[in-house]
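Let me begin by presenting the structure, written as structure tokens, before commenting on it.
First listed ligand is number 1; within each ligand, the first listed atom is number 1. Everything quoted here is computed from the prediction, not taken from an experiment.
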Amino acid sequence: MAGSLYVAGVTEWGASHAVGPEKGETVVISGAAGGVGSRAVQLARHTGATVIGLASGHNHAWLRSHDVIPVSYGEGVADRISDAAPRGVDAFVDTFGAGYVELALALGVATERIDTIADFAAAEKHGVKTDGGAAAVPGAKVLAGLARLVADGHLELLIANVYPLTEVREVYAELERRHTHGKIVLMP
Ligand SMILES: NC(=O)c1ccc[n+]([C@@H]2O[C@H](COP(=O)([O-])OP(=O)(O)OC[C@H]3O[C@@H](n4cnc5c(N)ncnc54)[C@H](OP(=O)(O)O)[C@@H]3O)[C@@H](O)[C@H]2O)c1
């Protein structure tokens with residue numbers, strides 16, 4: 001489990017800090033139950049902001065259990081977000097790609113409060129942020145902070161599954177389907 005903390009951990013930290021959610025604000029996070037998203041929603045919630053997580057129905061209970069408002073993605077998602085955020089959306093973290101930068105802009109979020117770690121073409125086109133792990137400096141300090149949150153029970157490291165290294169091909173096939181709930185761990 002500890003091995004799954006570093007890359008996803010500093011990535012989610014960099015992305016969340018890039019948009020700076022604060023108490024009283026609302027932040028939307030796409031891919032909210034994935035490897036990065038499942039941690040990003042918890043970090044954002046930790047700031048006191050209201051967090052809306054985009055995920056399919058089978059992940060809604062997990063999001064609710066972490067005080068995140070679940071919203072289903074797909075057709076009509078903009079209206080569902082607006083219903084869940086009557087005072088508007090202040091920040092948007094995109095961990096999935098596929099049009100979420102444009103959705104954030106359509107929701108009225110300022111470019112400097114949109115971060116994507118998945119759609120670099122849209123980021124270049126619209127001038128939004130692409131902060132991820134490289135923005136988490138100094139890395140050792142960020143990692144220590146994340147480890148403390150885990151130790152204190154404030155950050156759950158959601159593990160989708162643990163596989164032996166010999167199954168690495170099947171694991172990549174699973175990752176490519178893009179419905180992992182948390183991180184997959186490979187055991188050497
Ligand atoms: N994992 C890492 O350590 C890491 C580190 C750096 C960068 N990245 C990058 O970060 C991105 C996210 O990677 P990831 O491993 O967290 O997960 P991912 O495989 O990109 O996404 C998995 C999640 O996306 C959700 N999802 C599927 N279709 C969706 C849609 N149309 N709209 C919104 N959400 C949808 C799934 O939720 P449902 O099951 O509910 O459908 C699932 O929880 C990738 O671009 C990856 O390259 C990842």
Partner residues of Pro138 under the side-chain contact (heavy atoms from CB on, under 4.5 Å) criterion, sequence neighbours left out: Lys141
Within the 4.0 Å heavy-atom sphere of ligand 1, strictly under, residues: Val7, Ala8, Thr11, Gly31, Ala33, Gly34, Gly35, Val36, Ala55, Ser56, His58, Asn59, Tyr73, Thr95, Phe96, Tyr100, Ile117, Ala118, Arg178, His179, Thr180, Lys183
Cation-pi check, Arg113 onto Phe92 ring (under 6.0 Å, within 45° of axis): no
Sequence-distant partners of Arg45, salt bridge (charged side-chain N to carboxylate O under 4.0 Å, His left out), two or more places apart: Asp67
Between Arg39 and Ser4, a side-chain donor and acceptor under 3.5 Å: yes
Beyond-backbone contact of Glu174 with Thr180, side-chain heavy atoms, under 4.5 angstrom: yes
ring-ring contact (aromatic ring centres under 6.0 Å, His included) contacts in which one or both residues fall within residues 169-188, not counting sequence neighbours: Trp62-His181
